[in-house]
Amino acid sequence: MNSKYRIAIDGPSGAGKSTIAKAVAGKLGIDYIDTGAMYRAIGYKAGRENVEPEDKERLSEMLADTEIDFSDGNIILDGENVNSLIRTPEVSMLASKYSAVREVREKLVELQRNMGMRKSVIMDGRDIGTNVLKDAEYKIFLTASAEERADRRFRELQEKGREQSYDSVLEDIKQRDHNDMTRKLNPLRKAEDAIELDTTGMDIEQVIEAVMDIVYKK
Ligand code: DC
């Protein structure tokens, strides 16, 4: 294996990208960068400050005045750990909405490229293999059926004691798939040189093993 390498993991919402990427990062001893968390942080902040995506002036001001970093696996927005605040269904929708905005993507993609240059990383998102780290040594496209993804998300929310019906979770997933795949800028799609892994019916351990196999076998 090269001394420095990048692993790009892309795929739709709820495919298990972050769980898998975190576990693989731990096994390989490299950094994990959750780019979805960065879009969530921006969505959260814009929502809190009532900055509409159409209001380019205020949005650009807000972005220029925003710092995003990771510390011990936590996302830090302007010095505040916002990890637990950005995992709500409301912020999911805000993240999807603001991630379609050019100014937001430009800022975050630049940050992500810088993070990917410093050391070996595993980065997950929607456009990592196609845009952010086009020359990543390893590219994986993680998918699962919309129903299975909704089922996983539904259980996760239930465990956290959050009330949301399965039907509305499935609806949200389909809506976000649609947004992420049809937006003009860097839509979600599989890079030509990515390996597709359909995880429907697989458990977490099996998926981690499949990813480790890809990394070791290449
Ligand atoms: O992976 P996630 O659900 O935390 O991502 C939140 C939103 O951010 C999702 O709707 C798509 C968007 N996103 C993106 O456009 N590009 C990325 N690289 C990562 C996430």
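Just so you know, ligand 1 is whichever comes first in the structure, and atom 1 is the first atom listed for that ligand.
Within the 4.5 Å cutoff, no side-chain heavy atoms of Thr199 are placed close to those of Thr143.
The residue Met38 has no part lying near ligand 1, judged by heavy-atom distances below 4.0 Å.
Inspection of the Ser92 and Arg40 side chains reveals an N or O donor paired with an N or O acceptor under 3.5 Å. Side-chain N/O atoms of Arg126 and Tyr39 include no donor and acceptor closer than 3.5 Å.
Protein heavy atom closest to atom 18 (N) of ligand 1, with residue, atom name and distance, is Asp127 OD1, 2.8 Å. For atom 19 (C) of ligand 1, the closest heavy atom belonging to the protein is Thr35 OG1, 3.3 Å.
Atom 12 (C) of ligand 1 has its nearest heavy-atom neighbour, among Ser99, Ser13, Ala8, Gly11, in Ser99. The residue among Lys97, Lys17, Gln175, Arg126 with a heavy atom at the shortest distance from atom 1 (O) of ligand 1 is Arg126. Counting heavy atoms only, Arg105 comes closest to atom 15 (O) of ligand 1 of the residues Arg87, Met93, Arg105.
Ligand 1 does not have Gln112 within reach: every non-hydrogen atom of the residue lies 4.0 Å or more from it.
Ion pairing of Arg155 with Asp151 is present here, as a side-chain N (NZ or NE/NH1/NH2) and a carboxylate O approach within less than 4.0 Å. A salt bridge does not link Asp10 with Lys190: none of the charged nitrogens is closer than 4.0 Å to a carboxylate oxygen. Salt bridge annotation for Arg58-Glu61: absent, with no cationic side-chain nitrogen under 4.0 angstrom from a carboxylate oxygen. Between Arg149 and Asp177 there is a salt bridge, since at least one side-chain N of the basic residue sits less than 4.0 Å from a carboxylate O of the acidic one.
Short contacts between ligand 1 and Ala95, defined as distances under 4.0 Å to a heavy atom of the residue, involve ligand atoms 6 (C), 7 (C). Each of the following atoms of ligand 1 lies closer than 4.0 Å to a heavy atom of Arg40: 2 (P), 3 (O), 4 (O), 6 (C).
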